[in-house]
Every structure is written in C-alpha cells, then in structure tokens.
Amino acid sequence: MKQREKENAKFSQKILTAIFAAISLIYISPIFIVLMNSFKKNSAVKTQTFQWPKGEQFVKFANYIKGFTFGNYPFYKAIIFSFMITILSTFLILLCTSMAAWYIARVDSLVARIAYYLFVFSMVVPFQMVMFTLSKTADNLGLNTPWTIPIVYLGFGAGMAVFMFTGFIKGLPLEIEEAAAIDGCGPIRTFFIVILPMLKPTLISVGILEIMWIWNDYLLPYLTLDMNEYRTIPIHIQYLQGSYGAVDLGAIMALIILSIIPVIIFYLVCQKYIIKGVAAGAVKG
C-alpha cells in the first residue's frame, strides 16, 4: 500500500513538473521572441516576427549599435539615470519603511495602528487617480530631477514594504531587543545592529520587487522629469522613432533586451530569498 502511494506521489510530481515547465515556456517565449527579433531588419520584424533570423534578415549587432547612437540623447545617459533613480529610490524605501514598520510593530498605540492602515490603504489607490496632481506638486516642490524623484517613489512604494516588514517584525522575539536595551543600546543602535540584520530575507524580497517596479516604470518619470535633460531607459526606448511616427522595431527590441538583463541577473542571484521573505512578511500581523 505504501509502495503504491509512493508511486502515485512520484507520478503526480512528474505531471506537475511537466505542467509548470509548459507554463514557464509560455512566460519565457515573449523574451525569446524579442531577443530573436533584435537581430533582424526592421522590415523582417514586422512581416516575419516568429521566424528565425537568417540570410538578409540577420543584421548581427546593427540594431544594438543603432539603439546606442540614435538621436541626440545618448543611451548611456539613460542607463546612468535609470541606475541612479532605481538605487536611490530602493535604498530610501528599504530604510524608511523598515524603520516605520519596526515602530508600528512594537508601539501599541492608536497612532501606530492608524499609520499602518493608511500604509495598507495606499496599496489600493491607483496611480492614475493622482498622477496629474502629483506631476504639478513635484514641479512646485522641485521633485522633478533624478536626485529628488526617489522621494516620490518612497510615497508610492511604502505601502507594500511596510506591510511586509511589519508582518516579519511581529514574528521576531521581543526578548532580543530587551537584551540589547539592557546592554545599553538605544533605539537607533538596536534597530541597526539587532533588527536590521534579521530583516535580511524581507529586505531582499522587498528590494527585488521595488527594483523591478522602479527600473521598468515609464509613467512616473515621464510625468515628472524634464525629457530634454533626463530620460530613463523606458522613456528613451519610447523616443526611438523617426519622423512621421516611423518606428525602428529592431533597435527597440535590442534596447529592450539590454534593459531587462540587469533585472534578470539581480533576480536570479536573489531569487532564493523571495518566497522566504514574502511568506514571513505576509503570514503574521
């Protein structure tokens, strides 16, 4: 009887593996199609989208070179600004929201509970409801540069981050913080020396989610930044077009591939922390 149950379990695992493998291929196929078309002529991308590049269709790295050199705005500047905005915004979100979540989780007061529910409520407010008001406010307050737009991202990314950090911190034993206080640690030292290292799984999980969002975001930088001075990679790709709306799809595909490579590498390196951090931050609290 036990042998039959083991065989059934193995068979079920094989079926599930085959199903999830097929689903994975479906998700990966768009990336493969974009990669394949990044080596084709523009005309071939439009007419022979799903064919392998060969013969006159195959242009090697010409699309990548054109993407780097197209127009008056160099692509390397877009890369620099994208990295700058993503790194600064993610750092600010992780630092501020983890500290706020620690306060909310440890201080049992009406103010802390109201703050927590306001953070959670912000997750359901769509960006389209506030984007025009936000754009005007960002201009008035000088938040329309790559050095100040992270403050805007902090406001939009705080909800999910506080929710996950609060759930994780509530699962940490309070005795560790009490021992640190007995040893003479104040609140700031307790947070940075004791609490922050224990938040590593959730820090990485939240960091990955925020980086993927900020790196690929198009609408917020487009509404707030000066397009003549500052462009992120998604905005630069959108401007990759000629007169009368003519679009070079081959060069666009090449830049899309270049833009997703850093996120894929970062995700593959840190993926083992995602499930652990999300589960730890969402089950409690």
Side-chain angles (χ1 to χ4, degrees), residues 80 82-123 141 143 145-215 217 262-263 265-285:
I80 293 174
S82 287
F83 269 105
M84 181 187 303
I85 292 172
T86 302
I87 293 173
L88 291 177
S89 300
T90 304
F91 173 79
L92 193 62
I93 291 172
L94 293 179
L95 178 63
C96 295
T97 57
S98 60
M99 297 177 72
W102 184 49
Y103 176 85
I104 291 171
R106 294 306 189 221
V107 177
D108 186 16
S109 66
L110 179 63
V111 174
R113 289 194 291 271
I114 292 175
Y116 176 74
Y117 289 120
L118 287 175
F119 279 118
V120 174
F121 176 75
S122 68
M123 297 170 60
L141 297 179
L143 303 178
T145 67
W147 301 274
T148 54
I149 196 175
I151 298 175
V152 182
Y153 274 114
L154 172 62
F156 281 99
M160 181 193 67
V162 168
F163 173 73
M164 294 181 62
F165 281 126
T166 302
F168 186 85
I169 293 172
K170 285 183 178 180
L172 298 177
L174 185 60
E175 290 79 7
I176 298 177
E177 300 170 38
E178 293 175 347
I182 294 174
D183 290 338
C185 286
I188 296 178
R189 289 184 62 192
T190 300
F191 175 77
F192 284 102
I193 296 177
V194 179
I195 300 299
L196 199 60
M198 292 190 293
L199 292 179
K200 181 180 177 181
T202 307
L203 282 170
I204 295 176
S205 298
V206 175
I208 290 172
L209 296 175
E210 301 291 354
I211 284 173
M212 289 192 295
W213 162 51
I214 297 170
W215 179 266
D217 188 29
V263 177
I265 293 175
F266 182 77
Y267 179 84
L268 292 176
V269 172
C270 302
Q271 63 175 336
K272 63 180 180 180
Y273 297 99
I274 294 179
I275 301 300
K276 183 178 179 181
V278 171
V283 173
K284 305 179 182 68

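Since the structure is predicted, the reported quantities are computational estimates derived from the model, not experimental observations.
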Next on the checklist: Counting neighbours of CD1 on Ile188 that are heavy atoms of other residues, nucleotides or ligands and sit closer than 6.0 Å, is the number greater than 12?
Outcome noted: no

If I compare all heavy atoms of [X] with all of [Y], which pair ends up nearest, and what's the gap?
X      : Y      : result
Thr97  : Ala158 : CG2-CA, 3.7 Å
Gly184 : Arg189 : O-NH1, 4.2 Å
Met123 : Phe163 : SD-CB, 4.3 Å
Val194 : Pro197 : O-CD, 3.5 Å

Next on the checklist: So, using side-chain contact (heavy atoms from CB on, under 4.5 Å) as the criterion, who are the partners of Leu88 when residues are at least two apart?
Outcome noted: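 Residues passing side-chain contact (heavy atoms from CB on, under 4.5 Å) with Leu88: Met84, Pro150.
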
Starting at [atom1] of [X], measure out to [atom2] of [Y] and round the result to the nearest 0.5 Å.
X      : Y     : atom1 : atom2 : value
Ile87  : Leu92 : CD1   : CG    : 13.5 Å
Leu199 : Ser98 : CG    : OG    : 6.5 Å
Ile85  : Ile80 : CD1   : CD1   : 12.0 Å
Leu154 : Cys96 : CG    : SG    : 5.0 Å
Leu95  : Thr90 : CG    : OG1   : 12.5 Å
Phe165 : Ile93 : CZ    : CD1   : 10.0 Å

Checklist entry - Is it true that Trp213 and Tyr153 have ring centroids separated by less than 6.0 Å? => result yes

Item to check | Option among Val206, Ile204, Leu196 that satisfies the side chain to side chain contact (heavy atoms under 4.5 Å, CB included) test with Leu94 | outcome: Val206

Mind listing the side-chain donor-acceptor pairs of residues 101-109 below 3.5 Å, one per line with the distance, residues two or more places apart or on another chain?
from	atom 1	to	atom 2	distance (Å)
Trp102	NE1	Glu177	OE1	3.2
Arg106	NE	Glu177	OE1	3.3
Arg106	NE	Glu177	OE2	2.8
Arg106	NH2	Ile169	O	3.3
Arg106	NH2	Leu172	O	3.1
Arg106	NH2	Glu177	OE2	2.8
Asp108	OD1	Arg113	NH1	2.8
Ser109	OG	Ala112	N	3.3

Checklist entry - Between Lys170 and Tyr116, is NZ or CZ placed under 6.0 angstrom from the six-membered ring centre and within 45° of the ring axis? => result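 Satisfied, under 6.0 Å and within 45°.
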
Next on the checklist: In the structure I gave you, are the side-chain heavy atoms of Ser205 and Met164 within less than 4.5 Å of one another anywhere?
Outcome noted: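 Of all side-chain heavy-atom pairs linking Met164 with Ser205, at least one is under 4.5 Å.
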
Next on the checklist: Test side chain to side chain contact (heavy atoms under 4.5 Å, CB included) on Thr86 and Glu210; report intermediate values, then the result.
Outcome noted: CA-CA 8 Å; Thr86 302; Glu210 301 291 354; over 6 Å; no

Checklist entry - Do the side-chain N and O atoms of Thr148 and Thr145 include a donor-acceptor pair separated by under 3.5 angstrom? => result yes

